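The model shown is predicted, which means the values in this text are computed figures rather than measured ones. We count ligands from 1, going down the list as the structure has it; atoms in each ligand are counted the same way.
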Amino acid sequence: MSKQQIAVVTGGTGGIGTAICQLLSDQGYRTIALSSSERKAETWQEDQLKAGYNIEARPLNVSDFGDCERLILDVEEAIGPISVLVNAAGITRDTPLKRMTADQWQTVINVNLNGTFNMCRTALPFMLEREYGRIINISSINGEKGQFGQVNYATSKAGIYGLTMSLAQEVARKGITVNAISPGYIATDMVMAVDEAIRDKIIAQIPVGRLGEPKEIARIVDFLASPDAGFITGSNISANGGQHMHP
Ligand code: CAA
């Protein structure tokens, strides 16, 4: 890379997000990791430093449009032009619909789907002005196929495809690509929170016979973020160990 590119990663301090931040940092991006809590951002940044990564972490409530607007403006003005936006902030509130509260529905939609809109909407004007950008939205296998107990989560992740494909068409002539990645079950705290017996049944359905590794998702992000991935837009790359196949 000639000039150092700036990458902003929501959910940057999470399981998959951390691997994304580390790989982008290794690849020479100045990476800004966003976290839902100030304390998490601080401890994460310290941990990364100990591990040899100088990555700035900041708190951000992705479900608050004003917060996103301020964050993007601040990065653009104080650090520089954002060329890569990765939307990896995601939460679960798993429970069957018959017991799902309105709050469990709204919280998940607000973070996973509205958060993705908020970041795309606030970062896009800057990318349009420069006629360059890479937007990568982390969806999920469960957005592709649905999942018992995840009406809220699967809906939020399926919604990400509509956003990705529509926005990709709107900005294709402006040097900006918009793609989704759909990880299957990856060895993160989110998946480890699933009851062990249920998780074992899920793993038994994965043809490669194991959970995925966060770095296996980060590799796809790095690829889609590269300038020469410019012909790939509006697409979805699934990485799920063969658990769900589609052409
Ligand atoms: N398909 C059909 N039936 C199922 C089922 C399934 N996948 N899972 C459970 N059931 C059945 C059970 O056999 C049981 O049946 P009986 O009542 O006849 O015995 C019944 O549903 C259990 O229903 P309950 O209402 O009692 O459910 P619960 O409260 O015990 O558990 C749950 C509900 C918490 C959602 C639990 O099923 C669960 O944790 N499921 C896994 C959800 C999941 O995969 N989450 C992924 C988190 S990680 C992630 O999201 C990352 C990513 O992107 C992949």
Is [atom] near the protein, in the sense that some protein heavy atom lies at less than 4.0 Å from it?
atom: atom 31 (O) of ligand 1; answer: no
atom: atom 12 (C) of ligand 1; answer: no
atom: atom 18 (O) of ligand 1; answer: no
atom: atom 39 (O) of ligand 1; answer: yes

Heavy-atom nearest neighbour in the protein, as seen from [atom], with distance rounded to 0.1 Å:
atom: atom 34 (C) of ligand 1; result: D94 O, 4.2 Å
atom: atom 33 (C) of ligand 1; result: P96 CD, 3.9 Å
atom: atom 35 (C) of ligand 1; result: G149 CA, 3.5 Å
atom: atom 22 (C) of ligand 1; result: F148 CZ, 4.4 Å
atom: atom 41 (C) of ligand 1; result: I198 CG2, 3.7 Å
atom: atom 50 (O) of ligand 1; result: Q150 NE2, 2.9 Å
atom: atom 44 (O) of ligand 1; result: Y185 OH, 2.6 Å
atom: atom 49 (C) of ligand 1; result: M190 SD, 3.8 Å

query: Does M119 belong to the same Ile/Leu/Val/Met/Phe/Trp/Tyr cluster as F126, with side-chain heavy atoms less than 4.5 Å apart forming each link?
result: yes

query: Going only through I, L, V, M, F, W and Y residues with side-chain contacts under 4.5 Å, is there a path from F148 to Y153?
result: no

Look only at the side chain of [X] and the backbone of [Y], and say whether a donor-acceptor pair between them is shorter than 3.5 Å.
X: D222; Y: L23; answer: no
X: R134; Y: N179; answer: no
X: T18; Y: G15; answer: no
X: N112; Y: I91; answer: yes
X: N118; Y: V62; answer: yes

- prompt: Are I16 and T188 close enough that some pair of their side-chain heavy atoms sits under 4.5 Å apart?
  reply: yes

Would you say [X] contacts ligand 1, with heavy atoms under 4.0 Å as the rule?
X: T188; value: no
X: G90; value: no
X: D195; value: no

Under 4.0 Å to a heavy atom of [X] - the qualifying atoms of ligand 1, by number:
X: V194; answer: 45 (N), 46 (C), 47 (C)
X: S140; answer: 52 (C), 53 (O), 54 (C)
X: I202; answer: 44 (O)
X: G184; answer: 54 (C)

task: From the options K145, E144, Q150, select the one residue that forms a side-chain hydrogen bond (donor to acceptor under 3.5 Å, both in side chains) with Q147.
output: K145

query: Say you draw a straight line from CD1 of I160 to CD1 of I181; how long is it, rounded to the nearest 0.5 Å?
result: 11.5 Å

task: Could you give me the CA-CA distance, side-chain angles and deciding distance for I206 and N240, then say whether side chain to side chain contact (heavy atoms under 4.5 Å, CB included) is met?
output: CA-CA 8 Å; I206 304 175; N240 58 41; over 6 Å; no

query: Would you say ligand 1 has an N or O under 3.5 Å from any N or O of T92?
result: no

Geometric N/O contact Y153 with ligand 1, under 3.5 angstrom: yes

Option of least heavy-atom distance to atom 24 (P) of ligand 1 (set: Q243, R99, K98): R99

query: Between L124 and I176, is a side chain to side chain contact (heavy atoms under 4.5 Å, CB included) present by the stated rule, with each step listed?
result: CA-CA 9 Å; L124 194 70; I176 303 167; 4.0 Å; yes

query: Given I6, which of T31, V75, L24 fulfils the side chain to side chain contact (heavy atoms under 4.5 Å, CB included) condition?
result: V75

- line: Short version for N142: what comes under 4.0 Å of ligand 1, heavy atoms counted, is side chain

query: More than 12 heavy atoms of other residues, nucleotides or ligands under 6.0 Å from CG of D189: is that the case?
result: no

